Amino acid sequence: MNPIVTRQDQIASSDFDSSFIWGVSTSALQSEGNHKADGKGPNIWDEFVQGKKIKNQDKHYHSSGFYQHFKKDIDLVKELGIPNFRFSISWARIIPDGYGGVNQKGIDFYMQVIDYCLDNNIVPWITLYHWDLPLALERKGGWVNREILIWFEAYVRVCINAYKHKVKHWIVLNEPLVFTGAGYFAGIHAPGKKHLKNFLPAAHHAALCQALGYRVIKEIQPNSLVGTTFSCSHITPYSMKEKDLKAAHRMDALLNRLFIEPSLGLGYPIESLPVLNKMKHYMNPGDEALLKADFDFIGIQIYTREVVANSLFTPYVRAKLVPVHQRKVHHTKMSWEVYPASIYEIIKKISAYKGVKKIIVTENGASFHDEVFLGRVEDLDRIHFIEKHIEQVHKAVLENHKIEGYFVWSLTDNFEWAEGYEQRFGLVYIDYDSKERIIKNSGFWYRDFLRS
Ligand code: IFM
C-alpha cells in the first residue's frame with residue numbers, strides 16, 4: 001500500500017529519542033465481542049446495554065471480534081510497525097463470578113494474545129481494569145462496596161501469577177474518574193447508578209484499588225513496570241472574571257487531580273473542591289497511607305480541553321463545561337474541541353508533581369466521520385489531529401518534561417460505550433457486518449511516521 005502523505009517538513013519519530021515508546025491502545029469490552037464464549041461470566045455492560053441508554057441500542061456483543069480475530073489485529077499492529085500494543089483483560093473471562101473460581105479458558109485466551117504479540121516482537125501492555133466489572137460483584141454493590149478491595153486483589157493476583165513471565169508492563173485502572181463518574185454519579189455508563197452517595201465511595205474504593213493493584217503486582221513481580229491511567233483535560237476559564245476562574249479551579253480538581261493526588265500522598269484536593277470533604281465518611285483509619293503508590297509511570301489520556309464557567313445550578317462543583325457549539329470551535333464527532341496544546345499543558349502539569357517519575361500518553365485520538373470509498377478511508381482530519389498532538393508532545397520533550405511515550409486510541413474502530421458504534425476512533429476501519437479490516441490513511445500515516 002502507498003504512503004499517503006509526504007513526510008518532508010513534518011514531525012518524524014526520529015525527532016524523538018530512540019527509547020521513546022510508541023504504541024496503540026484498545027480494550028477488551030470495546031473490541032472482543034463473544035461475550036458469552038468459553039465460560040466468560042456476565043459483566044455490568046452485558047446487562048447495561050439491554051436498557052435504553054446506548055445510542056441506536058447498539059450492543060458490544062460482536063464488535064470487531066478481537067476474540068476470534070486477535071491474530072489478524074496483531075498482524076495489523078506489526079504491519080503498521082507499532083512496537084507496543086495495549087489491551088485489557090476482561091475480569092469476567094478470568095473469574096466468571098468476579099471472586100472465586102478461575103476460568104482456565106479465559107487465562108488461555110490472553111496467553112495466546114500475549115504469545116502472539118511476543119512472537120511478533122510487539123510488547124504487550126496490559127490494563128487490568130477497563131470498566132467491565134463482573135455482574136455478580138455489582139449485585140453485591142460493585143465499586144460502592146468496600147469489599148471490592150478483596151475481590152480486586154484476588155483478581156490481580158490471578159492475572160499477575162498467570163502472565164508474570166511474559167508481561168512486564170501493567171496498567172492497574174483505566175480512567176477511574178470516568179467509570180465512577182459516568183457509572184456511579186451520572187448513570188450514563190454501566191452500572192447506571194446515580195448520586196453522590198454512590199460516587200464518593202466508588203471513587204474512594206477505586207483510588208484504594210489503584211494503589212493496592214500497584215502493591216500486589218510489585219510483590220509478585222518486582223521487576224514489573226506498573227502504572228495507572230487518568231483522563232485529563234486542560235482547563236481554560238470561560239472569562240477572567242473571578243467566579244469563572246474559581247469555577248475552573250474546582251473543575252480542574254475534579255477532572256485532573258482527584259485520583260492522582262491521593263496516589264502521590266497529597267490526599268484528595270478537598271481545599272479546591274469542598275464537596276470532597278464528604279469522602280471522609282467512607283474512609284477508614286489508615287486509608288491515607290493505603291492510597292499511596294510509587295507508580296513507575298503515570299498514563300495520561302487526553303482528547304480535548306474544557307472551557308469552564310461558573311454555574312450556580314450545577315450541584316457540588318458549581319461549574320459547567322461550555323459546549324463546543326456555543327464556542328463555535330473545530331471539534332470531533334464526539335463534540336470535543338480539537339485543541340492539541342491541551343496535551344502539552346497536561347504533560348507539563350503532571351510533570352510538575354514531584355512524585356511523578358515518568359509519563360506516558362496511554363491514549364490520544366479522535367472520532368471523525370469515516371467513509372470507505374474505493375476500498376480506502378481518507379481520514380485527513382484524524383491524521384491532522386494525531387500529527388498536531390505529537391508535535392505538542394515533542395514540544396514537551398524538548399522542554400524536558402517527564403514524557404516518555406505515546407499511544408494512539410485506538411487500533412480498530414470499536415464499541416464506544418454509550419455512543420455505540422457511531423463513533424469510530426480506529427486507525428483501522430471495521431466493517432461490522434463482514435468484520436473486514438481496512439487500514440485508514442491515518443494508520444498508514446502512523447506507520448510512515450514511525451518509520452521516519
Ligand atoms: O473509548 C474510550 C476509552 O475506553 C477510554 N478513554 C477514552 C476513549 C474515547 O472515548
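Nothing here was measured: the structure is a model prediction, and the numbers come from that model. Order of appearance sets the numbers: ligands from 1, and atoms from 1 within every ligand. Residue indices begin at 1 and follow the sequence shown.
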When you measure from the centre of the six-membered ring of Y67, is the NZ or CZ of R93 closer than 6.0 Å and no more than 45° off the axis? yes
Please tabulate, for the side chains in residues 200-214, all donor-acceptor contacts under 3.5 angstrom to protein atoms that are two or more places apart in sequence or on a different chain.
{"residue": "H204", "atom": "ND1", "partner": "Y268", "partner atom": "OH", "Å": "2.7"}
{"residue": "H204", "atom": "NE2", "partner": "D287", "partner atom": "OD2", "Å": "2.7"}
{"residue": "H205", "atom": "ND1", "partner": "W143", "partner atom": "O", "Å": "2.8"}
{"residue": "H205", "atom": "ND1", "partner": "V144", "partner atom": "O", "Å": "3.4"}
{"residue": "H205", "atom": "ND1", "partner": "P201", "partner atom": "O", "Å": "3.0"}
{"residue": "Q210", "atom": "NE2", "partner": "F259", "partner atom": "O", "Å": "2.9"}
{"residue": "Y214", "atom": "OH", "partner": "D294", "partner atom": "O", "Å": "3.2"}

Not counting sequence neighbours, which residues clear side-chain hydrogen bond (donor to acceptor under 3.5 Å, both in side chains) with S31? List them please. T26
May I have every N or O pair linking ligand 1 to the protein at under 3.5 Å, one per line with atom names and distance?
{"residue": "ligand 1", "atom": "1 (O)", "partner": "Q30", "partner atom": "NE2", "Å": "2.9"}
{"residue": "ligand 1", "atom": "1 (O)", "partner": "W409", "partner atom": "NE1", "Å": "3.3"}
{"residue": "ligand 1", "atom": "1 (O)", "partner": "E416", "partner atom": "OE1", "Å": "2.6"}
{"residue": "ligand 1", "atom": "4 (O)", "partner": "Q30", "partner atom": "OE1", "Å": "2.7"}
{"residue": "ligand 1", "atom": "4 (O)", "partner": "H130", "partner atom": "NE2", "Å": "2.8"}
{"residue": "ligand 1", "atom": "4 (O)", "partner": "W417", "partner atom": "NE1", "Å": "2.9"}
{"residue": "ligand 1", "atom": "6 (N)", "partner": "E175", "partner atom": "OE1", "Å": "3.3"}
{"residue": "ligand 1", "atom": "6 (N)", "partner": "E175", "partner atom": "OE2", "Å": "2.8"}
{"residue": "ligand 1", "atom": "6 (N)", "partner": "E363", "partner atom": "OE1", "Å": "2.5"}
{"residue": "ligand 1", "atom": "10 (O)", "partner": "E416", "partner atom": "OE2", "Å": "2.6"}

Compute the centroid of each ring, for W445 and then for F449, and state whether the two points are separated by less than 6.0 Å. yes
Applying ring-ring contact (aromatic ring centres under 6.0 Å, His included), can you list everything that pairs with F66, at least two apart in sequence or on another chain? none
When the ring planes of F87 and F85 are compared, do they come out parallel, tilted or perpendicular, using 30° and 60° as the limits? tilted
